[in-house]
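Okay, so here's the structure we're looking at.
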Amino acid sequence: MLDGLFMLGAGLAHFLTPLSLFNIAWATLLGIVIGALPGLTATMGVALLVTLTYKMAPDQAILCLMCVYSGAIYGGSRTAILLAIPGTPASAATTLDGHPLALQGKAGMAMGLATTSSALGTLIGIVALALIAPLLAEAALKFGTYEFFWLALFGVVISGQLTAIDDPLKGYIAGILGLLVAMIGMETLHAHQRFTFGIPSLGGGVDLIPAMVGAFGFAEILGVMKRHAQARIVSSGDRVVPKMADVMRYKWTTLRSGIIGTFVGIVPGVGEDVGAWASYAAAKRKSKERHLFGKGSQEGLIAAETGNSAVVPGAMIPTLTLALPGSAAAAVLIAAMFIHGIRPGPLLMTESPEVLYQVVAILFFSTLGILVFGLTLTKPLVSVLAVPRERLMAVVYVLCVVGSFAITQRMFDVYVMIAFGIIGFILREMKYPMAPLVLGIILGDLLDLNLRRGLMLTNGDPSPFFTRPISAVICLVIVFTILMSIPAVSKRVRALFTRGSSQATG
C-alpha cells in the first residue's frame, strides 16, 4: 500500500513540469473539440494522434493520447445538449435529457452539470483503477496459454454481445471478421504466410492503425456525405457553473453511475456508450423523478455523463493488466504503447509498475483540464460547432491519409485505410458494430498464438483448454453469454427464474 502511494505521488510529480502541463492543456482541449464536432469520435482522434506522437518521449506520447481520449468522451456532450446530435456515441444517452434542458433555456446549466458529472465519474474510475489494477495484475500472473486463449475469445464475444444490442449475432459476425483479418500475414510460430493471395505487402499482416483509421475515420466521412446537414445550434446564455446544491442533490446517482461505468469499462471491448446507457437505465429505475426522464431530467443527464466518463479509467484496468482493451480507443492506446516500447499485460507491474500510476496521474490532470475548459470556455467551444461539416470532413480525410502513411511510409497502408473505410461504411449501414471488428483484429494474434502454442505443448490434446480451473470457468461464461443472446433460450431461463422466485415466495 505504501509503495503504491509512493509511486502515485511520484507519478503526479513526474507530470508537474512545464512541458507536461502544456501537453495536458492542448491535448485535453483538442480532445474536447474532437468530441464536440459531430462525426469525430474519441477513437478516431486517438488513432490520428498516434502518428503525430511517434517522435515524442513515451511518457509524453501516452499523456497526450490519454488526454485526447478523456477530453473527447466529455466533449461529445456539447453537441448532445445543443443539437441533440451526440458528438461521440458515448454521448447518445446525454441527448435524451440534455437537449430538452437546452430547449427550456437551460443549456448553460446542462453543460455545467455535464462537466462536473464527467469529472466526478472519472475520479470514481481513477480510484478503482488505482485499487483494482494491481490486484488484477497479480491474479493475471496465474494465467497461462490456455487462459489467454479463452480470455481473448471472451473479449470478442462480450463486445459483440453488448455493442450490438438489437442483434448480438451481428456483433459476433463483426468480431469473427476481425479475427479473420488478424490471421492474414506471417504467423509467429513457424513463419508461414497465410491468406496473402500472392500479395507481398500482406506478408506483414494488416496494421491496426490504418485499419482503425479507415473503420472509424474514412467510414464516418462516407456516412457524413450520405446524411443531411446538421440542425441549427442552440445558444447557451444562462449560468454555466452549476450550484453545489444541484450537484449534491444527486450524489447517490453520481456514485452509482460512476461504479456502473467503471465496471462496464473493465469488460473488454464494450465502450463508453454502454456505460452511459447502463447508468441511465439504473438511474431511471431507482429515481423518484422518473416521469421527468426524457423531458429534461437533471438526474438523467448526470447519470449518463458520469457513466460514460467513468468507463475511461475503468477501461484502462484490463488494458494495462491484461493487454485486453476495455474500449475501442483503448485498443489504439495498446498499439501506441507497443510503438513506444511499453508492454501492457500481466508483467507490467513487475517490469514497469510506474506506468500504472503515471496513467492514474494523467487521468487526474486531464480531469482538472476538463473542469477548467468545460466551465470557462463553453461559449467559445459553441462557436467551434459552427464549422460546416463538409469542410471539416475534408480536413479529416487528409488526416486519415497522412496518419495511415506516416508510421511505415507505405502507400499500401493508405489502401488498407480506404478498404476498411468502405467495408466499415457498408457494415454500419447494415447496423453492424465496429468495436468487435477492431477488437477482433487486436485480439486475433493473442487468440491464434495461444491456441497453437497450447496444442503444441500437449501434442494436439485440447483437453487442458477445458480442464484447467480458470480456463473452464471462462469457457462456461462464454457459452452462457452466447446462449443468453438467443431470444428463445433467454426467455426460457427468465421464465424459470421467475417461476422459482414466485414459488419460493409462496
Side-chain angles (χ1 to χ4, degrees), residues 30-52 65 68-69 71-73 75-76 78-80 83-92 163 174 177-178 181 206-231 233 271-273 327-329 331-332 335 384-407 410-439 441:
L30 177 63
I32 294 172
V33 172
I34 288 172
L37 292 170
L40 301 185
T41 64
T43 307
M44 187 199 307
V46 175
L48 293 176
L49 195 64
V50 168
T51 57
L52 302 179
L65 295 172
V68 167
Y69 177 22
I73 297 302
R78 309 288 92 174
T79 41
L83 306 176
I85 301 172
T88 62
S91 300
T163 57
L177 285 175
V181 170
V206 176
D207 286 342
L208 172 66
I209 298 300
M212 187 169 290
V213 168
F216 287 98
F218 190 61
E220 184 63 34
I221 294 172
L222 297 177
V224 167
M225 292 170 62
K226 179 176 180 291
R227 295 194 296 266
H228 295 295
Q230 63 191 42
I233 294 174
E272 297 80 11
D273 51 340
S327 65
V332 189
V384 172
L385 302 180
V387 177
R389 62 179 184 167
E390 292 78 10
R391 297 181 185 177
L392 181 66
M393 287 300 119
V395 176
V396 172
Y397 175 70
V398 172
L399 292 175
C400 287
V401 173
V402 172
S404 301
F405 180 79
I407 292 180
R410 294 192 307 169
M411 276 303 298
F412 177 74
D413 288 334
V414 178
Y415 302 146
V416 169
M417 181 273 293
I418 293 173
F420 271 85
I422 295 171
I423 293 169
F425 171 72
I426 294 171
L427 290 175
R428 285 186 184 189
E429 291 297 302
M430 297 168 65
K431 307 300 182 185
Y432 284 81
M434 287 294 98
L437 173 68
V438 173
L439 197 65
I441 298 174

Begin with the C-alpha distance, continue with both residues' side-chain angles, and end with the deciding distance and a verdict on side-chain contact (heavy atoms from CB on, under 4.5 Å) for Y432 and L177. CA-CA 11 Å; Y432 284 81; L177 285 175; over 6 Å; no
What's the spacing between I34 CD1 and L30 CG if we round to 0.5 Å? 4.0 Å
Can you tell me which residue among V50, I32, V46 is in a side chain to side chain contact (heavy atoms under 4.5 Å, CB included) with V68? V46
For residues A219 and G424, report the shortest heavy-atom separation together with the two atoms involved. CB-C, 3.9 Å
Could you grab the distance from atom CG of D207 to atom CZ of F420, nearest 0.5 Å is fine? 10.5 Å
Locate the shortest heavy-atom distance separating A211 from V416; write the atom from each residue and the value. N-CG1, 4.2 Å
Non-hydrogen atoms of S91 and G76 that approach each other most closely: OG-C, 3.1 Å
Measure the CG-CD1 distance between D273 and I73 for me, rounded to the nearest 0.5 Å. 8.5 Å
Could you pull out the closest heavy-atom pair between F218 and G421, with the gap in Å? CD2-CA, 3.6 Å
As an exercise, state the distance from CG of L48 to OG1 of T43, rounded to the nearest 0.5 Å. 10.5 Å
Shortest non-hydrogen contact between A215 and R428, atoms and distance: O-NH2, 3.3 Å
So CZ of F405 and OH of Y415: to nearest 0.5 Å the spacing works out to 10.0 Å
